[in-house]
Amino acid sequence: MIIAEELVSSFGEHEMFTAVESVKGYINFRLSEQFLNEYAEWALSHEDAFGRSDTTEKILLEFVSANPTGPLHIGHARGAVYGDTLLRLGRRLGYDITAEYYVNDAGNQIDLLGLSIQLEGQSAVLNMTVEWPEKYYRGEYMTLLAEDASQKFGADILTNASRQRELALWAKDRVMELIIEDLAAANIHFDTFVSESSLYDDWDRVMGKMGDGVYEDDGKIWIRSTEHEDEKDRVVVREDGRPTYLAGDIVYHNQKFEQGFEHYINIWGADHHGYINRVKAAVEFLGHDSKRLEILLSQMVSLLKDGEPYKMSKRAGNVILMSDIVEEIGSDALRFIFASKKSDTSLEFDVEELKKQDSSNPIYYINYAHARIQTILSKSDLTEDTIMASELMGLNADGDALLFEALLLPEVIDDAFHSRQVQKLTDYLKSLSARLHKFYYDYRIIGTEDEAKMLKLFVMVAISLRTGLSMMGITAKDRM
RNA sequence: CUCCUCAUCGCUUAACUGGAUAAAGCAGGGCCCUCCUAAGGCCUAGCUCGAGGUUCGAGUCCUCGUGGGGAGACCA
């Protein structure tokens with residue numbers, strides 16, 4: 001505490017601060033109005049650059065990557081929203097980020113997709129009696145795919161077992177289109193799609209690159225992942241020569257490192273947790289620094305209905321689709337809800353609760369703050385020039401505090417991105433909105449002496465709100 | 001059985017990464033529109049799972065326990 005006091009006295013006079021004081025061993029700095037005013041002046045005239053840093057680092061961000069066997073369900077939405085918010089935050093800061101979707105279009109699931117469509121088609125389109133196997137995909141979209149396939153290729157495609165593969169390959173492209181639509185409805189867009197099946201051509205070369213990292217035993221090829229903290233070595237090529245899923249992932253990650261990104265971020269569902277070590281091991285064997293590969297886990301979403309656990313099952317057909325929720329509550333509300341939660345806590349929510357579109361959703365609170373600003377601006381008789389020509393000086397303490405918080409946005413964006421915790425942004429927006437609402441309630445604006453500068457202050461707040469919301473793929477409302 | 005992860009008002013979540021009196025929203029009780037949208041503001045009540053430990057200082061770090069979720073495939 002004594003040290004703090006000595007430090008304070010050594011600061012003396014500095015034009016950036018009006019006051020430096022020692023409180024209980026902490027040092028409080030009070031920024032001067034000149035400083036806030038100049039910073040705001042800059043932000044107002046450089047809205048697009050407000051929040052930008054000087055980085056130009058190239059990053060690859062891979063997320064969602066749900067299997068192309070069905071439309072996205074509500075569980076996928078969390079990772080999608082989380083990833084897209086990070087993407088927007090990073091881009092705002094100036095990072096050169098590529099958003100990539102890894103399409104798992106190889107392996108058993110594709111065979112299963114073909115089989116499922118045939119069975120569904122035989123049952124629903126051709127009215128045949130079918131014997132359902134233990135595992136298969138089902139849902140409304142399966143019927144539609146079967147109908148389309150039958151139209152396009154003839155009914156033979158639904159009954160001829162030798163055409164399953166042809167059917168599956170056609171169907172997975174159709175399903176990808178559905179997925180892309182689901183994402184677009186929530187304002188999520190990808191730059192690149194990498195197909196798993198296209199990677200295996202490169203397998204021999206990549207395997208060679210790993211050198212002693214792989215070995216042959218028992219007729220199979222294994223990776224020495226135990227050398228990198230995995231519990232056991234993993235098979236990468238089966239006895240019959242077919243590569244495993246891991247092989248595809250190894251080629252995929254090698255490709256990323258060869259493409260020269262400086263940093264790689266993958267967002268996986270928490271159920272893939274045990275997979276991290278083996279992928280990192282492969283990256284090391286390939287001669288790359290696995291520290292540049294960052295794997296973020298998005299925890300599971302568990303659903304409740306009327307307080308009871310609600311299990312989604314593709315077989316039972318009670319899957320809650322992302323598109324249904326988007327349609328019901330809107331993309332903005334959905335995104336806000338998911339972005340508000342730390343990604344590493346498992347999230348529980350009630351389906352009915354989610355569907356309630358009322359003021360309990362903070363998105364309305366923030367939009368209302370933005371809309372109030374627009375309304376009051378349009379009600380004022382002052383011209384834009386008059387407002388902008390005023391100086392943000394001599395505001396009362398609440399005004400200064402509001403201005404300060406509005407100018408904090410760049411810090412928040414930086415912090416939210418680098419800590420990978422997007423809820424910091426939603427917290428900030430809630431807090432800024434609360435301060436705006438209170439200020440609005442406490443002080444009359446129109447017709448007062450300080451009208452111009454208070455409106456200018458509001459314009460600044462609106463910029464921060466609008467920019468913050470845009471980081472979440474939400475367009476601020478001018479009217480409620 | 002082993003490993004990972006989480007646990008904060010009645011409910012859903014925050015807490016500047018080890019710092020100041022733990023904070024919001026819903027739900028509960030009460031108050032405020034002759035005044036720029038009351039989709040707002042203000043009161044009020046209520047919280048760190050348990051036991052140890054490290055530290056000037058712990059919701060945050062360590063150990064053990066309890067309780068949820070996940071993983072332990074030559075499925076993806």
Side-chain angles (χ1 to χ4, degrees), chain A residues 1 23-26 28 65-69 102 104-112 135 196 218-222 229-240 242-249 269-277 297 299-302 304 307 309 337 340-342 344-350 353-354 356-369 371-380 408 411-412 414-416 418-419 421 423-424 426-428 430-431 433-434 436-448 451 454-455 458 477 479-480:
Chain A
M1 209 186 286
V23 180
K24 293 174 77 174
Y26 291 83
N28 290 350
S65 300
N67 294 340
T69 53
Y102 182 48
N104 300 130
D105 58 356
N108 294 341
Q109 52 184 343
I110 291 300
D111 299 334
L112 195 58
K135 264 192 87 172
E196 181 193 350
D218 201 18
K220 306 151 197 171
I221 296 175
W222 304 69
E229 290 167 29
D230 200 2
E231 289 159 21
K232 54 183 197 178
D233 289 348
R234 310 289 171 172
V235 172
V236 287
V237 181
R238 302 176 180 91
E239 222 164 342
D240 60 10
R242 281 159 48 236
T244 63
Y245 177 75
L246 180 57
D249 234 341
D271 53 339
H272 291 66
H273 177 271
Y275 207 73
I276 296 177
N277 284 338
L297 296 179
Q299 286 292 333
M300 301 286 99
V301 175
S302 51
L304 299 173
I337 289 169
S340 305
K341 325 285 181 192
K342 263 193 305 199
D344 60 355
T345 52
S346 59
L347 173 60
E348 249 185 25
F349 61 79
D350 197 291
E353 198 74 17
L354 187 65
K356 271 201 305 192
Q357 174 162 354
D358 58 19
S359 53
S360 69
N361 191 325
I363 186 64
Y364 297 99
Y365 187 77
I366 296 163
N367 268 324
Y368 188 39
R372 274 188 149 165
I373 294 172
Q374 306 312 315
T375 309
I376 203 166
L377 281 171
S378 68
K379 291 209 167 164
S380 168
L408 224 47
E411 299 284 328
V412 174
D414 192 82
D415 188 24
H418 290 109
S419 65
Q421 307 206 343
Q423 85 283 354
K424 286 174 188 286
T426 59
D427 272 8
Y428 167 75
K430 281 188 264 189
S431 160
S433 301
L436 185 280
H437 282 307
K438 181 155 172 55
F439 190 90
Y440 179 94
Y441 181 85
D442 286 344
Y443 302 99
R444 177 139 189 113
I445 315 287
I446 290 179
T448 64
E451 181 171 344
M454 285 197 279
L455 287 176
F458 275 24
K477 293 204 171 14
R479 193 171 294 262
M480 298 288 288

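Order of the sequence lines fixes the chain letters, A, B, ..., with proteins taken first and strands second; residue numbering starts at 1 for each chain. Both backbone and side-chain heavy atoms feed into the values below; hydrogens, waters and symmetry mates do not.
Figure legend. B/rG28 is base-paired to B/rU44; pairs are counted as Watson-Crick or G-U wobble with both atom distances under 3.5 Å. Remark: B/rA23 base-pairs with B/rU13. Criterion, Watson-Crick or G-U wobble with two distances under 3.5 Å.
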Verdict with reasoning, A/T244 to A/V237, per side chain to side chain contact (heavy atoms under 4.5 Å, CB included): CA-CA 6 Å; A/T244 63; A/V237 181; over 6 Å; no
Determine, step by step, whether A/F439 and A/M454 satisfy the side chain to side chain contact (heavy atoms under 4.5 Å, CB included) criterion, reporting the C-alpha distance in whole Å, the side-chain angles of both residues, the deciding distance to 0.1 Å, and the verdict. CA-CA 10 Å; A/F439 190 90; A/M454 285 197 279; 3.8 Å; yes
Please step through side chain to side chain contact (heavy atoms under 4.5 Å, CB included) for the pair A/Q109 and A/N104, ending with a clear verdict. CA-CA 9 Å; A/Q109 52 184 343; A/N104 300 130; 3.4 Å; yes
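A donor-acceptor contact shorter than 3.5 Å is absent between the side chain of A/D233 and the backbone of A/W222.
Counting heavy atoms from C-beta on, the side chains of A/I373 and A/L436 come closer than 4.5 Å. Counting heavy atoms from C-beta on, the side chains of A/Y368 and A/H437 come closer than 4.5 Å. In this structure, A/K342 and A/Q421 have side chains that are in contact, with non-hydrogen atoms separated by less than 4.5 Å. By the 4.5 Å heavy-atom criterion applied to side chains, A/L377 and A/F458 are not counted as neighbours.
A gap of 39 Å separates the P atoms of B/rU5 and B/rA45, to the nearest Å. B/rG50 sits 15 Å from B/rC11 when the P atoms are compared, rounded to a whole Å. On the P atoms, B/rG41 is 12 Å away from B/rA24, given to the nearest whole Å. Nucleotides B/rC26 and B/rA7 place their P atoms 24 Å apart, quoted to the nearest Å. Spacing of P atoms, B/rC42 relative to B/rA23, comes out at 15 Å, to the nearest Å. Straight-line distance between the P atoms of B/rG29 and B/rU66: roughly 40 Å, to the nearest whole Å. B/rA58 and B/rA15 are spaced 13 Å apart, taking the C1' atom of each and rounding to whole Å. Between B/rG19 and B/rC61, the two C1' atoms lie 14 Å apart (nearest whole Å).
A/L112 has its CG atom 12 Å from the P atom of B/rA76, to the nearest Å. Protein atom OH of A/Y441 is 10 Å distant from nucleotide atom P of B/rA38, rounded to whole Å. In this structure, the CG atom of A/N104 is 9 Å from the P atom of B/rA76, given to the nearest Å. Straight-line distance from the OH atom of A/Y245 to the P atom of B/rC75: 13 Å, rounded to whole Å. Regarding A/Y443, its OH atom lies at a distance of 21 Å from the P atom of B/rG40, rounded to whole Å. As a whole-Å value, the separation of A/I366 CD1 from B/rA39 P is 17 Å. The distance from atom CD of A/E229 to atom C1' of B/rA71 is 17 Å, rounded to the nearest whole Å. Atom-to-atom, CG of A/N277 to P of B/rG72 comes out at 14 Å; the value is rounded to the nearest Å.
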Scan nucleotides 44-48 of chain B against the protein and return all N/O pairs shorter than 3.5 Å with their distances rounded to 0.1 Å.
none

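Between B/rA15 and A/K342, a contact under 4.0 Å exists linking OP1 or OP2 to a side-chain N or O. Between B/rA15 and A/Q423, a contact under 4.0 Å exists linking OP1 or OP2 to a side-chain N or O. Between A/K135 and the phosphate of B/rC75, there is no side-chain N or O to OP1/OP2 separation shorter than 4.0 Å. Side-chain N/O atoms of A/K379 include one lying less than 4.0 angstrom from OP1 or OP2 on B/rU37. Listed pair A/Y365 / B/rG41 meets the phosphate criterion, a side-chain N or O lying under 4.0 Å from OP1 or OP2. The phosphate of B/rC75 (OP1 or OP2) has no side-chain N or O of A/R234 nearer than 4.0 angstrom.
Taking a centre distance below 5.5 Å and an interplanar angle below 30 degrees as the stacking criterion, A/H272 stacks against the six-membered base ring of B/rA76.
Taking syn as a glycosidic angle within 90° of 0, B/rU17 qualifies as syn. Look at B/rC4: its glycosidic torsion is beyond 90° from 0, and that puts it in the anti range.
Listed nucleotides B/rA76, B/rC4, B/rU37 differ in distance to A/R238; the shortest reach to its side chain belongs to B/rA76.
If you check the side chains of A/N277 and A/E229, you find no donor sitting under 3.5 Å from an acceptor.
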